[in-house]
Amino acid sequence: QVQLMESGGGLAQTGGSLTLSCAVSRSIYRINAMRWYRQAPGKQREWVATITSGGITNYADSVKGRFIISRDNSKNTAYLQMNSASPEDTAVYYCNAVYPVGDYWGQGTQVTVSS
């Protein structure tokens with residue numbers, strides 16, 4: 001069983017920054033992709049960003065130019081650096097690890113951006 005643990009959430013000011021971490025219990029060296037999703041109150045979960053095994057990154061339009069996804073294979077950890085935060089970024093953020101045999105989710109970490 002693969003376990004994911006998000007951390008780094010909390011309270012940020014508008015225009016501020018937060019960095020989320022996702023620690024994976026298994027090696028991510030040969031993982032297909034790591035993804036971040038978020039779910040705001042009363043809304044459906046939405047995709048935020050992806051980083052592939054080859055290091056290719058993609059972002060939702062709502063965060064492009066502000067968020068940066070990265071990974072450190074030596075630490076089995078993925079990151080989401082959130083810059084220029086806005087109240088619209090307030091949500092529970094989830095990490096998703098996509099392996100060849102299946103994908104796994106973390107429990108989420110709350111991010112609140114105050115105006």
Do T50 and N58 have side-chain N/O donor and acceptor atoms under 3.5 Å apart? no
Kindly indicate whether the side chain of T19, heavy atoms from C-beta on, has any atom under 4.5 Å from the side chain of M82. no
If Ile, Leu, Val, Met, Phe, Trp and Tyr residues are connected whenever their side-chain heavy atoms lie under 4.5 Å apart, and connections chain through other members, are Y93 and Y59 in the same group? yes
Thinking salt bridges, do R66 and D89 make one under a 4.0 Å N-O criterion? yes
Are side-chain heavy atoms of T14 and S114 found at a separation under 4.5 Å? no
Using only atom types and a distance under 3.5 Å, with no angle test, would you say the side chain of S74 pairs donor to acceptor with the backbone of D72? no
Are W36 and E6 close enough that some pair of their side-chain heavy atoms sits under 4.5 Å apart? yes
Tell me whether T90 contacts the main-chain N or O of V113 through its side chain, where contact means a donor paired with an acceptor under 3.5 Å. yes
Interatomic distance, OG@S17 vs CD@Q13, rounded to 0.5 Å, equals 12.0 Å
Could you pull out all residues at least two apart from R26 that satisfy side-chain contact (heavy atoms from CB on, under 4.5 Å)? V2, Y99
Transitive ILVMFWY side-chain link V92 to W47, under 4.5 Å: yes
Just so I know, are the side chains of N83 and I68 near enough to count as touching, which here means a heavy-atom distance under 4.5 Å? yes
From L4 CG over to C22 SG, what is the distance, rounded to the nearest 0.5 angstrom? 4.0 Å
A49 to L80 - nearest heavy-atom pair and separation: CB-CD1, 4.3 Å
Quick check: is V98 connected to M34 through a chain of hydrophobic side chains (ILVMFWY, heavy atoms under 4.5 Å apart)? no
S62 versus R38: any side-chain heavy-atom pair under 4.5 Å? yes
Nearest 0.5 Å please: distance from the NZ atom of K75 over to the OG atom of S27. 15.0 Å
Working to the nearest 0.5 Å, report the span between CG of L20 and OG1 of T109. 6.0 Å
Side-chain heavy atoms nearer than 4.5 Å, only ILVMFWY residues, links allowed to pass through others: does that put I69 and Y94 together? no
Under 4.5 Å side-chain linkage, directly or through intermediates, the cluster mates of M5: none
Can the positive tip of R71 be found less than 6.0 Å from the middle of the six-membered ring of Y79, inside 45° of the ring normal? no
Counting neighbours of CD on E46 that are heavy atoms of other residues, nucleotides or ligands and sit closer than 6.0 Å, is the number greater than 12? yes
When rounded to the nearest 0.5 angstrom, what is the spacing between CD1 in I51 and CD1 in I31? 10.5 Å
On the 0 to 90° scale, with breaks at 30° and 60°, tag the Y37-W105 ring pair as parallel, tilted or perpendicular. tilted
Quick one: closest heavy-atom pair of G9 and V111, and the distance? CA-CG2, 4.1 Å
